[in-house]
Amino acid sequence: MLLSPPDIGPLEESYLIRALRSGWVAPAGPELDAFEAEMAARVGTAEAVAVSSGTAALHLALLALGVGPGQTVLVPTLTFVATANAVVYTGAEPVFVDCDPATGNVDVDLVEELLTELRREGRAVGAVVPVDMFGACVDYQRLLPVCAAAGVPVVEDAAEALGAAHRGRAAGSFGRVGVLSFNGNKIMTTSGGGMLVTDDTALAARCRYLSTQARQPVAHYEHTDVGYNYRLSNLLAALGRAQLRRLDGMIDRRRRLRERYAKLFAATPGVHLLADGDPGANCWLTTIVVDPGQAGWQAAELARHLAEQEIETRPVWKPMHLQPVFADARSRLTGAAQRLFADGLNLPSGSGLTEAQTTRVMSAVAQFLESRR
Ligand SMILES: Cc1ncc(COP(=O)(O)O)c(C=O)c1O
């Protein structure tokens, strides 16, 4: 049983077949336009630009903001590598920031300290890229004024957070530009794909231009910039439209799953759920955090027990400052991300899990807890 497999049904099939039969088998077409309009309406932004992955969206967002060589970009150390890679693609340097242990989201106090420190050193900061970890929004109430005071734009990496909200506002809508991912394991999928969402019309136009090989609007092939082939296919946009129609139902299922995990672990000392109590979280992945001293067992032992029953779990991301590829990068650390990496575990969270599969997971976890009592 997989951690978060695609949840695909007859609606997706009918949308895809309709798109295929329309003849628009290309990275252009009516499904693409409609998918963008529907996603912009959902997130509450004026613009949306559909691209081939969340990573491509991050890359374009940074480029469109003018991020490049000689600049630094603040990135949480606890994230998937794509967030940091996109910074490196632009020629800028990622600076890693530790997280709030309760949510795994970037520590706003450290962001503030670093912005002051970098300014004092005369270093240019091109952007701050907060990540809404596992579908729970960063505390934007606190982060946005800190970045605004420093005059640094925010690129919200909401790859995991579509459908989540913070104080009534949708994930993706907080920065100058937000980034979504429709990778196969996400809350909704186009098999692979991503989207930029923004209120900035000029920025959206720049991203759209860069995503289609930076072609000038003339009949012959004229180029004044280096562009990218990052546009999403019309077929995949059709798949995305069907998934978007089902998004609220899929989020509900993930939330119910989290409630069941919460009940299951409620009486277990030393175990809590990451970002528990955030009513706006989309519950993309349910993550437990184990205090081995109190619980008497380690997260990795539960992972092994479940793996023996062919139930997939995943560790929380290995922090970027511990990655060999970023060994020389600057970082500001408290140890929180490293502890979550050691003690956290993502549990099966897919919206497509059947009742029988859910019961099997819950029983396997209960059996483990019983054996450790
Ligand atoms: C936080 C985060 N950022 C960026 C990405 C990249 O998205 P994609 O896989 O669509 O390129 C992902 C997921 O894959 C992610 O989890």
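Atoms within a ligand are numbered from 1 in the order they appear, just like the ligands themselves. Just so you know, these numbers come straight off a predicted model, no measurement behind them.
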Under 4.0 Å from a heavy atom of [X]: give me the atoms of ligand 1 that qualify, with their elements.
X    : result
G193 : 10 (O)
T79  : 1 (C)
G54  : 7 (O), 8 (P), 10 (O), 11 (O)

| Hey, is ligand 1 close enough to W317 that some N/O pair sits below 3.5 Å? |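 Checking ligand 1 against W317, no N or O pair falls under 3.5 Å apart.
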
| Would you say ligand 1 has an N or O under 3.5 Å from any N or O of F80? |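 No, there is no polar N/O contact under 3.5 Å.
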
| query | Is M133 near ligand 1, meaning one of its heavy atoms is under 4.0 Å from it? | reply |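 No heavy atom of M133 comes that close to ligand 1.
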
| task | State if A86 counts as touching ligand 1 under the rule of any non-hydrogen atom under 4.0 Å. | result |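 Judged by the 4.0 Å heavy-atom criterion, A86 does not count as contacting ligand 1.
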
| With no hydrogens and no angle check, is any side-chain donor or acceptor of E112 less than 3.5 Å from a backbone partner on D109? |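 No.
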
| Cluster check M133, L143: I/L/V/M/F/W/Y, side chain < 4.5 angstrom |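 No, because M133 and L143 fall into different hydrophobic clusters, even though each may have its own neighbours under 4.5 Å.
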
| query | Between V43 and V154, is there a shared hydrophobic cluster once you connect ILVMFWY residues whose side-chain heavy atoms come closer than 4.5 Å? | reply |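 Looking at the clustering, V154 is in a separate group from V43.
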
| Ring centres of F96 and H321 under 6.0 Å apart? |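 When the ring centroids of F96 and H321 are compared, they turn out to be at least 6.0 Å apart.
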
| said: Counting the benzene-type ring for Trp, do Y228 and H59 have ring centres under 6.0 Å apart? | reply: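 Between H59 and Y228, which both carry aromatic rings, the centre distance is below 6.0 Å.
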
| message | When you measure from the centre of the six-membered ring of Y221, is the NZ or CZ of R215 closer than 6.0 Å and no more than 45° off the axis? | response |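 Because its charged atom sits under 6.0 Å from the ring centre and within 45° of the axis, R215 does stack over Y221.
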
| said: Tell me whether the NZ or CZ atom of R18 lies within the 45° cone about the ring axis of Y15 and under 6.0 Å from its centre. | reply: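 So R18 does make the cation-pi contact.
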
Which is closest to [atom] by heavy-atom distance: [options]?
atom                    : options          : answer
atom 16 (O) of ligand 1 : H59, M195, E160  : E160
atom 2 (C) of ligand 1  : A159, G184, A161 : A159
atom 5 (C) of ligand 1  : A84, A82, P76    : A82

Which residue holds the protein heavy atom closest to [atom], what is that atom called, and what is the gap in Å?
atom                    : answer
atom 3 (N) of ligand 1  : D157 OD2, 2.8 Å
atom 9 (O) of ligand 1  : N183 ND2, 3.2 Å
atom 13 (C) of ligand 1 : K186 NZ, 2.7 Å

| Is ligand 1 under 4.0 Å from a heavy atom in the side chain of T55, in the backbone, in both, or in neither? |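 Under 4.0 Å from ligand 1, T55 contributes backbone and side-chain atoms.
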
| query | For ligand 1, which part of S53 has a heavy atom less than 4.0 Å away: the side chain, the backbone, both, or neither? | reply |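 Answer for S53: both.
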
| said: Take a 6.0 Å sphere around CD of E121 and say whether it holds more than 12 heavy atoms from other residues, nucleotides or ligands. | reply: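 More than 12 within 6.0 Å, yes.
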
| message | Can a side-chain donor-acceptor contact be found between N105 and Y140 if the only test is distance below 3.5 angstrom? | response |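 Not at all, the side chains of Y140 and N105 share no donor-acceptor pair under 3.5 Å.
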
